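Input: a single structure, listed below in structure tokens.
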Amino acid sequence: MFYREAGQFKTSYEADMAVFPIRQDRIGLAIILVAAVALPPFLDSFVVGTVLVPFLVFSLAATGLNLLTGYTGLLSLGTGAFMGVGAYACYKLTTIFPGVNILVWILASGFFSAAIGVVFGLPSLRIKGFYLAVATLAAQFFLEWCFVRIPWLFNYNLSGAIEAPSRSVFGIPIVGASATPLARYYAILAIVVALTWIASNIVHGRVGRAWMAVRDMDIAAELMGIRLLRAKLLAFAVSSFYCGVAGAAMMFLWYGGGEAKDAFSINLSFTILFMIIIGGLGSLLGAFLGAALLHLVPIFLKFGLPELGVPIGGATAEHLTHILVGALIVFFLIVEPHGLARLWATTKQKLRAWPFPY
Amino acid sequence: MLYNVFVDPFVQMADMPDLLVQVLWEGTVAGVLYALIALGFVLIFKASGVFNFAQGIMVVFAALTLVGLHENGVPALLALVLTVGVMYALAWSIERVVLRPLVNQPDIILFMATFGITYLIIGLGEFIFGGRPKAMITSELFLPRGAIDVQMLGGRVTFQKLDIAAAVIAGLMVAALAVFFQRTRIGRALRAVADSHKAALSVGISLNQIWVVVWFTAGLVALVTGIMWGARSDVSFGLQIIALKALPVLILGGFTSVPGAIVGGLIIGVGEKVGEFYWGPLVGSGIESWLAYLIALAFLLFRPQGLFGDKIIERI
């Protein structure tokens, strides 16, 4: 009733293969995009800075991990470290070449992350499943150690922290102390929209199909003529690229510098993994839904409940967050192992059939 | 450079054998504790095919419950009994609430569910007992304190009595588990389930009951591990990071092998300490945090199923 595609005829192969073949989806996406551009100036800058910017950063990282874990079936626990590589690469690049546009460097730092990701992805050719997860843990701990022990990475700062220098794009400061949350929001929004569009094209194309074949059964995929070496390493490279960009964006557009070794710890890897599990493995929409849920729940507990008049201390809020996140993970796995994205698909089907059950 | 990497550490070892013995002992003790955590993993993995990420936090939770109860005026031994009860309740509720609805789901879903359990227990533990570290009650549990100095190899080697006790208790527990698995009715049922779920079901073994038993056993192992680790350092949530250290141990030994867990634990423990002591200074130390994973990775490239694991056979 609300979601009927009756009367929408497809007259070409391209129309049939489109990412959004149904008009309602296209309209919905357009509305979301327009809202994302037009609404934030009317919002409180606190909300933009602590809700929207981190949400976009997490979405980007979750998209990256989803390409690897959800689409290619390679479990990775090294996301945090790959994000860290991006952040440090961006820091080195922008201090060595301060004149170049910072957005270029944020994107370029993804390539460094991709290179590191390929190196640590090599074991995936021989081992899989939980064994591979441990191999990526090696990446996580080794890189974390590098971030602390190699002073060249943080320009020999005594504090060992990354300091975000002031950088402007078209005369508007987007990095550094003088950047407004709104400017940072638009910068990260542009990056996320562009990279999500690219990711959507990758997963709907030949590469994405090869990845999914590898995920479903890699030996069968190999017999069908998919080169495992290329497919798996490409998955690691692309995924790490996204994570690296997300890490650079996290450090420069959200944190504005700080103790990077704490930021890119194993906990970050787990958080991103939860996001894609709850959101839905193998779904781009899922990455966004998971990021929204897992980022909003702690914020609601921390700031929302006191606003509503429920007295709650900072420590209690943190404990409650842990309990709630744990319960949510278990709950969603039991109710819908395929995540929020599947829930949305079911809802769409219900809307289509309403008021009739079939 | 080459000299520093390939010759110098061995010269040091030969020069001061007493120091080497000390390092090896430290490594063995660490290895025993890693092996204990890995043992908890293996028990659950064999019986239910669940890769239980929550094992580490179960260690912390058991130790915290014990100390927390004692702080509130419960006598130490009664607290120990109560903690065992709590671990049983935990095993029962995990089976009832989490595992039963998730029967027949893919491995990764169950793995993720144990992540959920981990977070839940962290939150609950902090909520009930507070986040600050606590000291383990050692003397109340009749654990020895102090150290023994032994003159040997032209030097002096120090053995902490607590470490010796830890090694002995760990050995006893492994022996008890072996007897339990080989000689008792439930132990035989557990082995049957490990071999084949369906065959076990068809001869009338209740899977649900077995899972409670196995999670409870893992809980007991966690309690012992928690007491030992807690006595060496403090009882705090920082301990859960040791659960991650058990992963390379598992990889090395194989996910399904109890002897593998023990041998793997010792290799990782000794390798890590020796590496840190002799090769660590070359790269600015602190390599303990990732050396274990690299050792495991190197093994994996040659034996993807671990030292003692079942051979992985893939069919289409």
Side-chain angles (χ1 to χ4, degrees), chain A residues 69 73 75 77 120 122-123 125-146 148-151 217-220 222-223 265-266 270 273-274 276-278 281 315-316 318-335 337-338, chain B residues 45 51 53-54 94 97-98 100-102 105-128 130-131 241 244-245 247-248 250-251 255 283-297 300-302 304-306 309 312 314-316:
Chain A
T69 304
L75 188 57
L77 294 176
F120 282 102
L122 279 174
L125 304 172
R126 188 131 165 81
I127 54 184
K128 54 185 84 163
F130 300 129
Y131 290 94
L132 182 64
V134 177
T136 54
L137 265 186
Q140 169 75 39
F141 285 107
F142 178 68
L143 291 172
E144 244 182 77
W145 178 82
C146 289
V148 181
R149 299 284 167 173
I150 304 179
M217 175 166 265
D218 57 352
I219 295 181
E222 196 175 14
L223 290 176
S265 70
I266 181 87
F270 286 141
L273 189 62
F274 294 157
I276 65 168
I277 303 275
I278 289 194
L281 286 170
T316 321
E318 200 179 315
H319 305 159
L320 274 182
T321 310
H322 273 135
I323 297 181
L324 212 63
V325 169
L328 270 179
I329 291 172
V330 174
F331 174 77
F332 274 111
L333 287 178
I334 292 173
V335 175
H338 301 285
Chain B
F45 190 82
F51 188 84
F53 187 80
I94 286 176
V97 179
V98 183
R100 201 175 284 186
L102 285 176
Q105 293 288 355
D107 290 349
I108 184 160
I109 298 291
L110 287 160
F111 176 53
M112 286 308 144
T114 64
F115 263 119
I117 297 171
T118 308
Y119 262 53
L120 206 64
I121 299 181
I122 292 180
L124 270 180
E126 282 182 335
F127 199 63
I128 301 171
I241 204 81
L244 296 174
K245 273 286 172 58
L247 296 180
L250 286 173
I251 293 252
F255 281 139
V283 284
S285 73
I287 63 173
E288 229 178 322
S289 60
W290 51 266
L291 194 63
Y293 299 95
L294 281 199
I295 298 175
L297 206 55
L300 269 188
L301 292 180
F302 298 101
Q305 72 273 31
I312 303 167
E314 288 193 62
R315 294 192 181 84
I316 294 191

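Numbered from 1 within each chain, the chains take letters A, B, ... in sequence-line order. Note that this is a predicted model, so its numbers are computed, not measured.
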Minimum heavy-atom distance between B:Val97 and A:Ile334, given as atom pair plus value: O-CD1, 3.4 Å
Chain A contacts, top residue of B:Phe51, B:Phe127, B:Tyr119, B:Phe115 (heavy-atom pairs, under 4.5 Å): B:Tyr119
Contacting region of A:Phe274 [heavy-atom separation from chain B under 4.5 Å]: side chain
Proximity breakdown for A:Leu125 and chain B, heavy-atom pairs closer than 4.5 Å: neither
Region of B:Leu102 that comes under 4.5 Å of a non-hydrogen atom in chain A: side chain
Aromatic ring pairing A:Phe141/B:Tyr293, orientation class (parallel under 30°, perpendicular over 60°, tilted between): parallel
Contacting region of A:Phe270 [heavy-atom separation from chain B under 4.5 Å]: side chain
Distance (rounded to the nearest 0.5 Å) between B:Met112 CE and A:Leu333 CG: 8.5 Å
Value rounded to 0.5 Å, distance of CG in A:Leu320 from CG in B:Leu124: 10.0 Å
Between A:Ala139, A:Ala133, A:Ala138, the one whose heavy-atom pairs under 4.5 Å with chain B are most numerous: A:Ala138
A:Ala135 to B:Leu297 - nearest heavy-atom pair and separation: CB-CD1, 3.3 Å
Under 4.5 Å from a heavy atom of chain B, the part of A:Ile266 involved: side chain
Per-residue contact mode, A:Leu324 against chain B (heavy atom under 4.5 angstrom): neither
Interface moiety of A:Ile329 toward chain B, non-hydrogen atoms closer than 4.5 Å: side chain
